[in-house]
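Here's the structure, in structure tokens; my notes come after.
First listed ligand is number 1; within each ligand, the first listed atom is number 1.
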Amino acid sequence: MNAVKCEKRIYENKHNHEREMSKKTLLKTVTAIVGGTLAFGVLRGSRNKPALLKDRITAIINARIFNGDHVIDDTTVVIKGSYIQAVGGEVPSGAIVIDGRGATLMPGLIDSHVHTDLDGLRTALLFGVTTELEMNGRWTPRMRKKIAERRDIADLRSPGMGLTPPGGHPTQYMSSSNNLLIRLFFRYPTVSTPGEAVKFVDKQIAQGADYIKIFIEDGTCIGFPGLTVLNDETLNAAVNEAHRNGKMAIAHVTTAEGGRRAISAGVNGLAHLFFDRQPNHKFVDATASSGAFVIPTLVTISSAVGNDASALAADKRVSSRLSQKWLDSLSRSMNVYPKGKLEDAYAGVMALHKAGVDILAGCDVSEPIPSLGGLAHGASLHQEL
Ligand SMILES: [Zn+2]
């Protein structure tokens, strides 16, 4: 699950490494909408003589425009450089005109739970995902800066490394790895005390973390029962230290007990909806009154209980944008908790939504390896939605 991916991401990481939009995000998002839409092949336009990017004016016309809340009457968007200059109105002379007839123009999508690399960010953009939220991985400030400047890949936010105790998730993947080097030499950083948790959180923030990720995982639903779980004192210390620094704390949970503990510790969000049982009223009410959001990752739960995503892989809009290894990966499933019921997760999402809990879309995709089947960057977010 999350864990598997998190860990895979960490040790195989070749590139080791909110919805509030900064100016920079907006820049990239707008650009990506244009690029991404073109990539979908639904817009055709004439290109005039290229100007400097910051002066270049692009007009998308005849598009159905969804502004994030509803479809609006205007059908034209004018972009200067990397900023939206106008919605509606005349097309400025000299503009590069893109005819969006038959297509919908919308804000870039954000995948709220991934484990990514440059290849993942590139693939995500092909599906209109302009930002991916990493949920465990070491991305250096230098890499972050480079990614923010690039226009051919999605943008990234990251917590740095997730917080876990010795012997806690996801360390089991290193200690059971087929790769001897990883088994012997890779040491996932862990914390044993509240004091260590504070230091760990401070370190992630010093290295550029946008939020803090905390693992609460006993292994039941991911095929490794009996894992060491973070105690309440350490969990609370981590959450408080994140908040003291103005950062959100996001918890990985897969069991109801983990969900209960996370919410009572005051986390800002859950990186999964648990799936060992259907969420009860008590959990739904507690989550709603805490103000926490939930990233259900239904596609991951679906894979965990044994469903593959071969129907998604067979969709031409998907197969035309993914490499064979990702298509093969979609056609597999993790099947680590076959007794789980996807219907319980659906019911849980509906109950949370009705109670006013913000539901964020995220898929928890990582790498195209057999144990992480059923997911692909970009494509799986559409399935999640
Ligand atoms: Zn994850």
Side-chain angles (χ1 to χ4, degrees), residues 1-13 15-17 110-117 120-121 123-124 129 131-139 154 156-164 168-174 188 204 209-224 227 230 248-255 258-259 262 267-275 293-305 309 329 333-334 336-337 340 345 359-369 371-381 383-384:
M1 298 283 331
N2 177 6
V4 184
K5 300 170 195 167
C6 295
E7 166 263 355
K8 286 291 174 196
R9 176 52 50 205
I10 296 152
Y11 62 73
E12 294 183 348
N13 213 332
H15 315 286
N16 264 349
H17 342 298
I110 298 172
D111 191 327
S112 302
H113 187 156
V114 303
H115 302 279
T116 196
D117 56 14
L121 292 169
T123 305
V129 174
T131 306
E132 287 196 323
L133 306 188
E134 174 66 68
M135 280 295 154
N136 186 38
R138 194 169 276 136
W139 291 83
L156 176 80
R157 296 291 182 275
S158 170
M161 303 301 280
L163 186 141
T164 202
H169 177 73
T171 62
Q172 74 276 16
Y173 297 117
M174 289 107 209
Y188 189 96
Q204 305 315 309
D210 298 292
Y211 38 84
I212 296 299
K213 175 80 179 292
I214 300 168
F215 292 107
I216 306 174
E217 173 61 69
D218 68 7
T220 305
C221 293
I222 58 169
F224 286 92
L227 292 178
L230 209 60
M248 291 195 205
I250 301 176
H252 158 109
V253 302
T254 55
T255 63
V267 302
N268 302 84
L270 300 181
H272 295 285
L273 181 58
F274 53 82
F275 51 96
F293 58 81
V294 175
I295 310 165
T297 65
L298 291 167
V299 287
T300 279
I301 297 173
S302 177
S303 178
V305 303
S329 196
S333 77
M334 300 177 211
V336 286
Y337 196 67
I359 305 295
L360 275 60
C363 73
D364 198 13
V365 61
S366 178
E367 299 200 30
I369 58 175
S371 57
L372 302 178
L375 304 164
H377 286 272
S380 291
L381 187 68
Q383 190 182 17
E384 180 74 15

> Can you name the side-chain contact (heavy atoms from CB on, under 4.5 Å) partners of Pro296, sequence neighbours left out?
Replying inline: Leu273, Val294, Leu298, Val349, Ile359, Glu384

>> With no hydrogens and no angle check, just 3.5 Å: does a side-chain donor-acceptor pair link Glu217 and His252?
In response: yes

> Taking just the N, O or S atoms of Asp364, which one is nearest to the Zn ion (ligand 1)?
Replying inline: OD1

> Going by atom types alone, do Thr297 and His113 pair a side-chain donor with an acceptor below 3.5 Å?
Replying inline: no

>> Run the side-chain contact (heavy atoms from CB on, under 4.5 Å) test against Ala124 and tell me which residues pass, sequence neighbours left out.
In response: Val129, Glu132, Ala154

> Taking 2.8 Å as the cut-off, does an N/O/S atom of His272 lie below it from the Zn ion (ligand 1)?
Replying inline: no

>> Looking at the Zn ion (ligand 1), is there an N, O or S atom belonging to His113 that lies under 2.8 Å away from it?
In response: yes

